[in-house]
Protein chains: 2
Amino acid sequence: MNDQPGTSRGRSEPTTWVDVDPSKDYTRPPPLSRARVVRAALCLVDEKGLPALTMRALATELEVSPMALYNHVRDKDELVDLMVDLMLGEVDISATEGDWLTQLRVLVRSFHQALAAHHHLARVYSGRVRIGPHGLLLIERTIGLLLEGGFLPAEASDVFFALFTYAAGFQQMGRIAPLREGRPGEETEYYPLLPPERIPAITAVSPHLDGVRRPGRFDYGLELLLAGVQAKLAQAKEAPASHRESGHHA
Amino acid sequence: MNDQPGTSRGRSEPTTWVDVDPSKDYTRPPPLSRARVVRAALCLVDEKGLPALTMRALATELEVSPMALYNHVRDKDELVDLMVDLMLGEVDISATEGDWLTQLRVLVRSFHQALAAHHHLARVYSGRVRIGPHGLLLIERTIGLLLEGGFLPAEASDVFFALFTYAAGFQQMGRIAPLREGRPGEETEYYPLLPPERIPAITAVSPHLDGVRRPGRFDYGLELLLAGVQAKLAQAKEAPASHRESGHHA
DNA sequence: ACCTGAACACCGTTCAAGT
DNA sequence: ACCTGAACACCGTTCAAGT
């Protein structure tokens, strides 16, 4: 993030007598490994976005032939899976302060932060991706907390799903721009804009809609869900054995 | 959905004397238009998935040169935007039975169903996509219901965001496979699988985790959110003017 | 105005070859 | 075991040309 791993760059070559130029990399970080490939790929995507992730581009970043990558990674799909798991490794699943609900809140927030820190990659976090060890531990911890909270297995997995679905989806909807930003010069009848009288509610609310991910927005929805979770749990305790009952709606 | 708008299909054209060969297209359905291009693209993605959407493939589907498409669509990005808006046009935003909350529930469910019906495309529904007229009307209706329900603008947009974030994210997390399906033949140490004793909660819950989108799962999370919405609204009515208060958490 | 064919600058990946 | 260069079968898109 802080140093650009640019285009042309020196190699090891211990020429003892030359002055050291701090603008150069000297030691090439070991020979190239699966881990280094994945880390470099994640870095590249964080900096330049997902479309910039190209086997060829990644190879030049690592100062290596494109085909060298295939010694450490089956193909691009596997590479992306590994990147996702690397990202999920950043989620803090070890907090143990407070009761299960506050631990759960901390966990989901940490998940959200990891996704936000790699939002370009987060766009891909989906069914396409196989769950790696970090992902597995993350799920394990979450389900564990829910069981501890008193949920039965069926409902625990429903709740897990709702929480992570929300957090993952948040990255996707993120940069919604409800109105075409219409610099009026830009040949901009891309869409025939709707007349404002047809969208009164949006115009009434628009200063709050914007904010492109205004602070606290994620937490607001999370609290909505957690309030629902507590309500479900309370109502399950009233009618203990009939947890079928708690699944209905409308 | 029920009829495949496939490759070869007869049309009107009363060719009175020749035998009709049903394996041939006779009349090219009108000359080719923006709408037809977009519809065909959505069809193609629904049938064969997003990676199958290729300007070239779409062109052959329409029996036209690849370059012909560019007369009706600026580029592939615009095409995708138009496809998304076409999908959003399927959302029913006109239901008016019941109070605002049940109308809201119906609306979000309809949104979810539209996404599910085009789940390949739904994976792309994100910040990258500009909101078209259908998307705008969908948002308009939702915010309108929330305002009707008594939310102030700031909170209304938070709630809107939470609901649609959840529904959109649901498509993404959908096909989670928490364990590598490990046909043990398949050179499958893709990931070093975690020993089962490290994931006790998952194994306890696993029959319920699976189900790959078991029925009612979406609704469960939606009810969680709506319960939270009602709680927020109730607590806002207790302390009327201080809606700042209702934004805090933890 | 709409469509075409050839061409350009890219992709991911296979393959035979080097060390 | 690891890396390389050339090559293949694709992409999206530009361009000059046709009607």
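Source: prediction; values computed, not measured.
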Exercise for the section: Indicate whether the side chain of B/S157 and that of A/R217 have a donor and an acceptor atom separated by less than 3.5 Å. Expected result: yes
Problem - Consecutive-pair stems (3 or more, Watson-Crick or G-U, under 3.5 Å) for DNA chain C - result: C:4-8 with D:12-16, C:12-16 with D:4-8
Practice task
For residues A/P66 and A/A59, report the shortest heavy-atom separation together with the two atoms involved.
Solution key: CA-CB, 3.4 Å
Exercise for the section: Mind listing the closest non-hydrogen atom pair of B/A40 and B/L62 along with its distance? Expected result: CB-CD2, 3.7 Å
Practice task
Nearest whole angstrom, please: distance from the C1' of C/dC2 to the NE2 of B/H72.
Solution key: 7 Å
Practice task
Mind checking the CE-CG spacing from A/M87 to A/L115? Nearest 0.5 Å is all I need.
Solution key: 5.0 Å
Exercise for the section: Return yes if a side-chain donor-acceptor contact under 3.5 Å exists between B/H134 and B/E90, otherwise no. Expected result: no
Identify all pairs in which a protein N or O lies below 3.5 Å from an N or O of nucleotides 11-14 of chain D, and state each distance.
unit_1: D/dG12; atom_1: OP1; unit_2: B/M55; atom_2: N; d: 3.3
unit_1: D/dG12; atom_1: OP1; unit_2: B/K76; atom_2: NZ; d: 3.2
unit_1: D/dG12; atom_1: OP2; unit_2: B/M55; atom_2: N; d: 3.1
unit_1: D/dG12; atom_1: N7; unit_2: B/R56; atom_2: NH1; d: 2.3
unit_1: D/dG12; atom_1: O6; unit_2: B/R56; atom_2: NH1; d: 3.3
unit_1: D/dG12; atom_1: O6; unit_2: B/R56; atom_2: NH2; d: 3.3
unit_1: D/dT13; atom_1: OP2; unit_2: B/Y70; atom_2: OH; d: 2.8
unit_1: D/dT13; atom_1: OP2; unit_2: B/K76; atom_2: N; d: 3.1

Practice task
Establish, yes or no, whether a centroid distance under 6.0 Å links the rings of A/F218 and A/F170.
Solution key: yes
Problem - B/E61 and B/R56 ion-paired at < 4.0 Å - result: no
Practice task
Go through the side-chain N and O atoms of A/E47 and A/H120 and say whether any donor and acceptor fall under 3.5 Å apart.
Solution key: no
Handout entry: Separation of atom CG in B/L69 from atom P in C/dA1, rounded to whole Å
Key = 19 Å
Practice task
Using whole Å, report how far CG of B/L32 lies from P of D/dT19.
Solution key: 20 Å
